[in-house]
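Remember, it's 1-based here, ligands and their atoms both numbered in the order they're listed.
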Amino acid sequence: MVNHGYLPIPAQNSQQKPRALIWRPSSIPLVSNLTNSPRDVALYALGIGACARDAVDVDQLKYVYHEKGQNFIQVLPTFSALFSLGSLPGGAGLPGLQYDPRLLLHGQQYIELYKPLPSSAVLKNTVTLAGLHDKGKAAILEIETKSYDKDSGVLYCMNRSTVFLRGAGGFSKSSQLYSYSTYPKDQVASVTTPKGQPFAVYEDCTQPSQALLYRLSGDYNPLHSDPMFAKAAGFTRPILHGLCTLGFAVRAIVKCICGEDPNLVKCVSGRFLLHVYPGETLLTEMWLEGLRVIFQTKVKERSRAVLSGYVDLHGLSSRL
Ligand SMILES: CCCCCCC[C@@H](O)CC(=O)SCCNC(=O)CCNC(=O)[C@H](O)C(C)(C)COP(=O)(O)OP(=O)(O)OC[C@H]1O[C@@H](n2cnc3c(N)ncnc32)[C@H](O)[C@@H]1OP(=O)(O)O
């Protein structure tokens with residue numbers, strides 16, 4: 001996949017205070033092009049654990065192999081989140097906003113899917129800065145990416161990515177903290193998990209090398225691969241990409257609720273509550289409320305919730 005990747009920002013001293021923010025939301029979208037190929041689709045599926053348990057499971061194999069050729073492999077819905085990776089401005093897009101890249105964490109991801117994703121495409125992205133919030137100890141930045149087919153102009157999907165910039169808040173008056181958003185607050189709000197028994201629970205093991213494999217899908221942030229960088233960021237060792245955890249969770253939902261039909265997924269919303277270490281076991285609990293699946297993913301070894309959110313479906317699988 002071209003044009004994906006963590007924008008390398010020179011490391012700064014983490015003690016350095018961010019400069020006062022003078023950025024105002026821009027209505028002018030940035031435009032970029034990227035391509036994806038069946039190889040990218042298969043590599044991504046492996047990165048989020050497809051076929052890790054069973055290499056001949058036909059339901060999972062279809063995401064990485066097809067007897068008629070790679071163009072026939074199916075695309076998992078969260079693959080579309082990769083389209084937003086190149087959207088993070090490396091400073092130039094946000095005059096005045098300075099942050100330590102080591103302290104950046106992925107906070108939330110919201111995805112709307114409008115068309116089934118093809119296994120190969122040339123896409124045109126438009127990127128807008130959709131929100132900025134001063135939380136005192138942190139700044140929260142929201143970036144919206146719309147991905148179109150470059151030739152036909154068909155809109156495939158929209159991603160809203162929320163990044164949590166630790167140490168970059170405190171740029172506005174503490175009595176009236178700055179908050180701006182171009183969309184309704186409830187669209188990506190944190191969800192409350194239902195009290196009753198979940199409809200389904202799926203357990204999946206991540207591999208100790210999971211982040212090293214997943215990063216090949218385009219997020220080369222050293223937080224996920226470099227032990228020294230991870231320590232400077234406050235972790236004992238490199239952590240898993242938030243979008244990798246989200247990929248595991250939504251793949252579990254596609255398996256347990258969508259009857260392995262990835263095209264039933266209409267919209268995905270997830271909030272990253274806590275980091276995951278590669279090698280930990282993920283338990284995804286799912287509650288079905290009409291056409292909405294509310295989910296929560298926990299790390300089994302630490303009994304801690306690491307991700308919560310919902311997935312809206314076009315319909316229910318006949319396999320249910
Ligand atoms: C364009 C595409 C860009 C994509 C780039 C992605 C790059 C990747 O390589 C990076 C990653 O994948 S990082 C790994 C995945 N993310 C994580 O592990 C983060 C896990 N979450 C945490 O650690 C904490 O929730 C933490 C630290 C996030 C917050 O915890 P606390 O500091 O305890 O916050 P708290 O005091 O509870 O709340 C403060 C205010 O912030 C809001 N908030 C909290 N968690 C949030 C979250 N996850 N997302 C968004 N907002 C969040 C709270 O609502 C609160 O605001 P308010 O006071 O107004 O309610």
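Between Asp312 and Arg292 a salt bridge is recorded (basic side-chain N to carboxylate O distance below 4.0 Å). A salt bridge links Asp57 to Lys255: at least one charged side-chain nitrogen sits closer than 4.0 Å to a carboxylate oxygen. Ion pairing between Glu144 and Arg160 holds under the 4.0 Å rule for side-chain N and carboxylate O. A salt bridge links Arg302 to Glu280: at least one charged side-chain nitrogen sits closer than 4.0 Å to a carboxylate oxygen.
In terms of polar-atom proximity, defined here as any N/O pair under 3.5 Å, Phe272 does make such a contact with ligand 1. For the pair Phe164 and ligand 1, the shortest N or O to N or O distance does not fall below 3.5 Å. For ligand 1, the polar-atom distance check finds no N/O of Ser87 at less than 3.5 Å from any of the ligand's N/O atoms. Between His241 and ligand 1, not a single N/O pair is under 3.5 Å apart. By the 3.5 Å distance cut-off applied to N or O atoms, Leu240 is not counted among the residues near ligand 1. Of the N or O atoms in His224, one or more lie within a sub-3.5 Å distance of an N or O in ligand 1.
Short contacts between ligand 1 and Ser84, defined as distances under 4.0 Å to a heavy atom of the residue, involve ligand atoms 1 (C), 2 (C). Close approach of ligand 1 to Ile239 (heavy-atom distance below 4.0 Å) involves ligand atoms 14 (C). Contact atoms of ligand 1 toward Ser161: 1 (C), 2 (C) (distance under 4.0 Å to a heavy atom of the residue). Within the listing of ligand 1, atoms 7 (C), 8 (C), 9 (O) sit less than 4.0 angstrom from a heavy atom of Asp219. Numbered from 1 in the order shown, with element, the atoms of ligand 1 that lie under 4.0 Å from a heavy atom of Lys135 read 40 (C), 56 (O), 57 (P), 59 (O).
A donor atom on one side chain and an acceptor atom on the other are not found under 3.5 Å apart for Ser120 and Ser37. Looking at Gln74 and Glu260, their side chains never bring a donor and an acceptor atom within 3.5 Å of each other.
Using a 30° and 60° split on the angle between ring planes, Tyr44 and Phe79 fall in the perpendicular class, above 60°.
Interatomic distance, Leu307 CG to Gln108 CD, rounded to the nearest 0.5 Å: 10.5 Å.
Within the 4.0 Å heavy-atom shell around ligand 1 one finds Lys137. Under the 4.0 angstrom criterion for non-hydrogen atoms, Leu243 is not in contact with ligand 1.
Heavy-atom proximity to atom 53 (C) of ligand 1, evaluated over His133, Arg271, His275, is greatest for Arg271. For atom 20 (C) of ligand 1, the candidate residues are Leu274, Leu165, Val306, Leu85; the nearest heavy-atom contact is made by Leu274.
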